[in-house]
Protein chains: 2
Amino acid sequence: MGINERKERERDAVKDLILNAAREIFLAEGYENTSIRKIASKIEYSPGIIYNHFKDKNDLLLALHDKAFECKIEALFMSVQNMPDPLERLQATGRGYIQYGIDNPQDYELMFILSCTMEALAVKEEFWQDGAAAINMLKENIRECMEAGYFRKDINPDEISLILWSQVHGLVSLHNKERLNIYAAEDQKAFMFRAYEVFLDMIKKSLA
Amino acid sequence: MGINERKERERDAVKDLILNAAREIFLAEGYENTSIRKIASKIEYSPGIIYNHFKDKNDLLLALHDKAFECKIEALFMSVQNMPDPLERLQATGRGYIQYGIDNPQDYELMFILSCTMEALAVKEEFWQDGAAAINMLKENIRECMEAGYFRKDINPDEISLILWSQVHGLVSLHNKERLNIYAAEDQKAFMFRAYEVFLDMIKKSLA
DNA sequence: AAATATATTGAACACTGTTCAATTTACAAA
DNA sequence: TTTGTAAATTGAACAGTGTTCAATATATTT
């Protein structure tokens, strides 16, 4: 009896339809301008259908967050996984992070800036799963740098990973929220990447 | 004839009434839950009155931003201005920044995260004025650290200031958006401040 | 073919930002 | 003091929002 399976597939197909339409509108017009009616109209369903698949708009947002995380952050780590030198890999990961963040500001906002209310603990754990995996890869990379002799052995990978993450997140979000306009830099992106390289030098020097 | 002056005072009084009510609701319920009708009802005026003082809700947001900036960021720099040692002052400024950011998340969001559309160039310049002043104080502090021999003389205050700012902004916004939940730290705030102190050590060591 | 279960609808509710003609209020001139 | 004028203020109306839910259509089982 593959009927129930087929039914479930059909349900999931509609759910995916909603998610994809939501994501498209979200990327094009931002979260606040992504309305239930717009999504429904895009997939040629009535507004009510969305509430058969998601508790509310926030729940839909959570699903989008998870999808974006799965797709992009893991891809980032994969793209540098073949670099043998751990320090170079660490540096490249940061560069990739920044590049992705400024190239996909809406996606980035979805993953790291937007506040989603999440009452259920199950939802909470699912929400953090992919993020935790990414942080673990980062910490593992830091440990490899310690093994390889780039970093001292008495540093704390937890603290260093937060410093690294805060730095790139800070750069990306200041850039994306146009707060770098305060600097009279001719090319803001270039200025930002230059600062990141200086930061990398500082890391290398001070953790040796 | 002080009549026009009095009229203007009365106009400004209403404007202040709006701004204060807006700020109160904003801090209590967040930007999205701050409606024109709520503000108007709080000050016992009709909704329309707000449009006699502000072009639209975004314009009101801009005014709130400017006010928050004036009040808080300058106060931060004032509070450490009597510290004679430039490096200590630099470090304390960062600590104060983080503390303010996590103690006043709504205010912080208003100043550094919220996107306000701003077409008029005049608006733009006014918007960045206070921020630019703060960055200049930061850069001046860095230069003093160079003079005092704490930092090498071949560093670029622009780049270093962005690194410092990105770091503390990154910490605050990851914390406030609850993204630090990924870390299994017993006390997230303490963990964050510890990371900041490690970062300060790195700065000191690598720029010497 | 009838009964059942599920998917889907679309109207309705209570909200939102914004506009604008109508009104009230406050002051100046006659 | 009355009239004229300019400004402040109103509140209804418009078009939009998220959300709910009884009604309906569709598909499967008996």
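In what follows, chains are A, B, ... by sequence order, proteins preceding strands, each numbered from 1. Worth knowing before you read on, the calculation uses all heavy atoms, side chains too, and leaves out hydrogens, waters and symmetry mates.
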J.: Stem ranges for DNA chain D, with three or more consecutive Watson-Crick or G-U pairs under 3.5 Å?
T.: C:1-26 with D:5-30

J.: So, A:Lys67 versus A:Asn20: side-chain donor-acceptor pair below 3.5 Å or not?
T.: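 Indeed, the side chains of A:Lys67 and A:Asn20 share at least one donor-acceptor pair under 3.5 Å.
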
J.: Do A:Tyr150 and A:Asp85 meet the criterion of a side-chain donor-acceptor pair at a distance under 3.5 Å?
T.: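 A pair is found: one side chain offers a donor N or O, the other an acceptor, under 3.5 Å apart.
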
J.: Do B:Tyr108 and B:His169 have ring centroids that are under 6.0 Å from one another?
T.: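 B:His169 vs B:Tyr108: aromatic centres under 6.0 Å.
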
J.: Can you tell whether the side chains of A:Glu109 and A:Lys177 come within less than 4.0 Å, N to carboxylate O?
T.: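 Salt bridge flag = yes for A:Lys177 with A:Glu109.
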
J.: Is any NZ, NE, NH1 or NH2 atom of the basic residue among A:Arg194 and A:Glu186 found under 4.0 Å from an Asp or Glu carboxylate oxygen of the other?
T.: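 A salt bridge is present here (some side-chain N lies under 4.0 Å from a carboxylate O).
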
J.: Once salt bridge (Lys or Arg N to Asp or Glu O under 4.0 Å) is applied, do any residues pair with B:Glu70, and if so which ones, sequence neighbours excluded?
T.: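 Partners of B:Glu70 under the salt bridge (Lys or Arg N to Asp or Glu O under 4.0 Å) test: none.
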
J.: For B:Lys57 and D:dT17, what is the distance between atoms NZ and C1' respectively, to the nearest whole Å?
T.: 12 Å

J.: Give the residues of residues 31-41 of chain A touching DNA chain C, defined as any heavy atom closer than 4.0 Å, sorted by residue number.
T.: A:Arg37

J.: Protein-nucleotides 21-25 of chain C N/O pairs closer than 3.5 Å?
T.:
none

J.: May I ask you to check if B:Lys72 and B:Tyr97 form a cation-pi contact, with NZ or CZ under 6.0 angstrom from the six-membered ring centre and within 45° of the axis?
T.: no

J.: Quick one: B:Ile50 CD1 to C:dT18 C1', roughly how many Å, whole number?
T.: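 Going from CD1 in B:Ile50 over to C1' in C:dT18 covers 11 Å.
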
J.: Nearest whole angstrom, please: distance from the P of C:dG17 to the CG of B:Leu60.
T.: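 Result: 10 Å.
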
J.: Could you state the CG-P distance from A:Leu17 to C:dA7, rounded to the nearest angstrom?
T.: 15 Å

J.: Could you go through B:Asp66 and B:Gln129, starting from their C-alpha distance and side-chain angles, then the distance that decides it, and tell me whether this counts as side-chain hydrogen bond (donor to acceptor under 3.5 Å, both in side chains)?
T.: CA-CA 9 Å; B:Asp66 287 356; B:Gln129 213 165 17; over 6 Å; no

J.: Scan nucleotides 20-22 of chain D against the protein and return all N/O pairs shorter than 3.5 Å with their distances rounded to 0.1 Å.
T.:
none

J.: A:Tyr196 and B:Ser166: side-chain donor and acceptor closer than 3.5 Å?
T.: no

J.: Test of understanding: with salt bridge (Lys or Arg N to Asp or Glu O under 4.0 Å), list the residues that count as partners of B:Glu197, not counting sequence neighbours.
T.: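 Testing B:Glu197 for salt bridge (Lys or Arg N to Asp or Glu O under 4.0 Å), a comparison that skips the adjacent residues, returns B:Arg95.
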
J.: A:Tyr183 ring centre to B:Lys139 NZ or CZ under 6.0 Å, with the angle to the axis within 45°?
T.: no

J.: Starting at OH of A:Tyr45 and ending at P of C:dT9, how long is that distance when rounded to a whole Å?
T.: 7 Å

J.: Send over the distance from B:Ile18 CD1 to D:dT9 P, rounded to a whole Å.
T.: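 Distance, rounded to whole Å: 9 Å.
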
J.: To the nearest 0.5 Å, tell me how far A:Lys124 NZ sits from A:Cys116 SG.
T.: 12.0 Å

J.: Would A:Lys204 pass as a cation-pi partner of A:Phe199, given that its NZ or CZ must be under 6.0 Å from the six-membered ring centre and within 45 degrees of the axis?
T.: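 No, cation not above the ring by the 6.0 Å, 45° rule.
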
J.: Please state how far atom CG in A:Leu61 lies from atom P in D:dT19, giving the value in whole angstrom units.
T.: 11 Å

